[in-house]
Structure formats: structure tokens, C-alpha cells
Protein chains: 2
Amino acid sequence: MAVERNLISGSLAMLVLKLLSERDMYGYEMIETLRARSQNVFELKAGTLYPLLHGLEDKGLLDVYEQESAGKIRKYYSITKQGRGHLEKKKKEWKEYADAVSQVLAMGV
Amino acid sequence: MAVERNLISGSLAMLVLKLLSERDMYGYEMIETLRARSQNVFELKAGTLYPLLHGLEDKGLLDVYEQESAGKIRKYYSITKQGRGHLEKKKKEWKEYADAVSQVLAMGV
DNA sequence: TTGACATATATAGATTTCCGATATAACATA
DNA sequence: TATGTTATATCGGAAATCTATATATGTCAA
């Protein structure tokens, strides 16, 4: 694929980075925020998110720190400069892919 | 996911069904047509397409017949009534998903 | 106060999609 | 005759995501 193979499924990483580009969040908060913003289309599972976050951290796209909030220690994730660069690239690829799909679906009979 | 898990990668099956909803085609023709319509964004591999076609046939979404064309026996694929129903459903899901992604990307800062 | 439910993080195993590599074969053209 | 294009096919593997499971805390109602 001219658009990376992982783009489509990989859109989840893009969405997470997008949320973190606005403000630091902890995992559970991302699940709830994505659900709300997408009108319940994205029902991200914890078993999907946490391995994804660890992977993004390993790649240097996110930083993590612990912070108490409402009596609980939570893990907050923060996007790095490299992460912002990655997000821009992924947004461009998503647009390219979505436009191509529209193109194919619209043409013909 | 409210949108089926396979939707996104599964968009490939949708695109193939879309082509066949216009006219019968053989495998290689689908690869070339998808490439052309998407301005080279979709570079579908033979190793992806043929197993996909066999799977769609097993599910009753496609029929196959052999026909000579330009001195060669080619396998033409034809979409079934069930296949058309499946295509409509997938198109709706794609739209739902793509809109949700746009929503998340557009909001916030 | 006890049980149920929501919050919060985490890992292991399984499934699905798709690609790379490889194989075969016919035709076109240089 | 050699090379490239057309055409179909399978196997094995990588990557993304889900299911199931585990753990622990806070909250609220019975």
C-alpha cells in the first residue's frame, strides 16, 4: 500500500495521539473521551489501549508520569515533540486513504 | 467497537464488492482498477486479493465462472444478491467510522 | 456493612487482515 | 530466446485488536 499497511487499524494510535495533543490524559479518560466524541462509535477496550500506550511510549511518542487525582494515583500520558510529528504524518495518511475510499465508492454506477 | 472490528481493514472487501456491483471482473482487473481509481493509493497485492475472493465466495457473496478472453481462460467474479446487501451494510459502516474519525480529529485545539 | 458497580491498569492468548515470498504458466515483444 | 507483463494461487508471518482474566480502589445503595 502507498498508505502504510497499518494506517487503517493504526488509526487508533492516531486518535490517541490527537487527544493527547490537546491535553495530558490517563488511560481510562481516553476511552471515555473517545466514546463521547465519536457518539459511541469508538468503544475502545482497555485490553487494546494499554498495550498500545506502552508501545507508543517505547517509540518515544509519549511520556508518562504518575499523579494523584481524587485520591488515586493515575498514570498520565503526555505527547512528545516526536509524537506530534508522528500525529501530523498519520493525519495526512488518513486523509489520503479516506479520500481514496470515497473516490472508489462514488464512481461508476 | 460499535463499528465491527474488521470494518477498517475490511474496507478492502467492501471496495472489491463495489467494483463487482458495477460489472463482473477477474482478479487482476480488480487490482488494476482499484489502483487507477484511487490514484495509486491502493496497491492491492495478489497475495491479498485471491484469498479474499475465495473467502467472499465461501460466504456466498460472490459467484465465479470461467470465460475465455483474449485467448486466456479467466476467472470472472460476479456479485450475488447477498453480496449487494453486504456491500450496502459495509458502506454505511464505513461512513459511520470515517465521520467519527473526522469528528475526533476536528475537535479541540 | 456488605455487596454491587464503576473506576483504573495490566497481561496472555486468539483471531483477523494483509503482505512478502514463492510458484506456475501463457503471451508479447525485443 | 530471453525478458516482461498478465494471471492465478498458496504458505507463512507480522501487526492490530479483541476476549478473557486479574487486581485494586472508591462509591453508593440496600
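Remember, predicted model here, so these are calculated numbers, not experimental data. Chain letters run A, B, ... following the sequence lines, proteins first and then strands; every chain starts at 1.
Nucleotide D:dA9 holds its C1' atom 13 Å from the CD atom of B:Glu57, rounded to whole Å. In this structure, B:Leu49 atom CG and C:dG20 atom P are separated by 15 Å, rounded to whole Å. Atom CD of B:Glu68 is separated from atom P of D:dT8 by 14 Å (rounded to the nearest Å). As rounded to whole Å, 10 Å separates atom P of D:dC18 from atom CD1 of A:Ile31. Atom pair B:Tyr26:OH and C:dA26:P shows a separation of 17 Å (rounding to whole Å applied). Nucleotide C:dC19 holds its P atom 11 Å from the CZ atom of B:Phe42, rounded to whole Å. Atom OH in A:Tyr50 sits roughly 12 Å away from atom P in C:dT7 (whole-Å rounding). Rounded to an integer number of Å, the gap from B:Leu53 CG to C:dT17 C1' is 14 Å.
Between the side chains of A:Ser11 and B:Tyr97, a donor-acceptor pair is found at a separation under 3.5 Å.
Put simply, A:His54 has no side-chain N or O that comes within less than 4.0 Å of OP1 or OP2 on C:dT9. Side-chain nitrogen and oxygen atoms of B:Lys72 include none within less than 4.0 Å of the OP1 or OP2 phosphate oxygen of D:dT8.
Of the possible polar contacts, one joining the B:Thr80 side chain to the B:Gly60 backbone as a donor-acceptor pair under 3.5 Å is found. A distance-only check finds no donor-acceptor pair linking the side chain of B:Ser78 to the backbone of B:Asp24 [under 3.5 Å].
Within 4.0 Å (heavy atoms only), A:Gly27 reaches sugar-phosphate atoms of the nucleic acid but no base atom. Nucleic acid contact for B:Tyr77: sugar-phosphate only, since backbone atoms but no base atoms lie under 4.0 Å from a heavy atom of the residue.
The two residues A:Leu17 and A:Leu62 make their nearest non-hydrogen contact at CD2-CD2, 3.7 Å.
In terms of position on DNA chain C, the residue among A:Glu29 and B:Pro51 whose nearest nucleotide sits closer to the 5' end is A:Glu29.
Distances from the side chain of B:Thr48 to the nucleotides D:dC18, C:dC19, D:dT6 place C:dC19 closest.
When the ring-ring contact (aromatic ring centres under 6.0 Å, His included) test is applied to A:Tyr76, the partners found at least two apart in sequence or on another chain are A:Tyr26, A:Tyr65.
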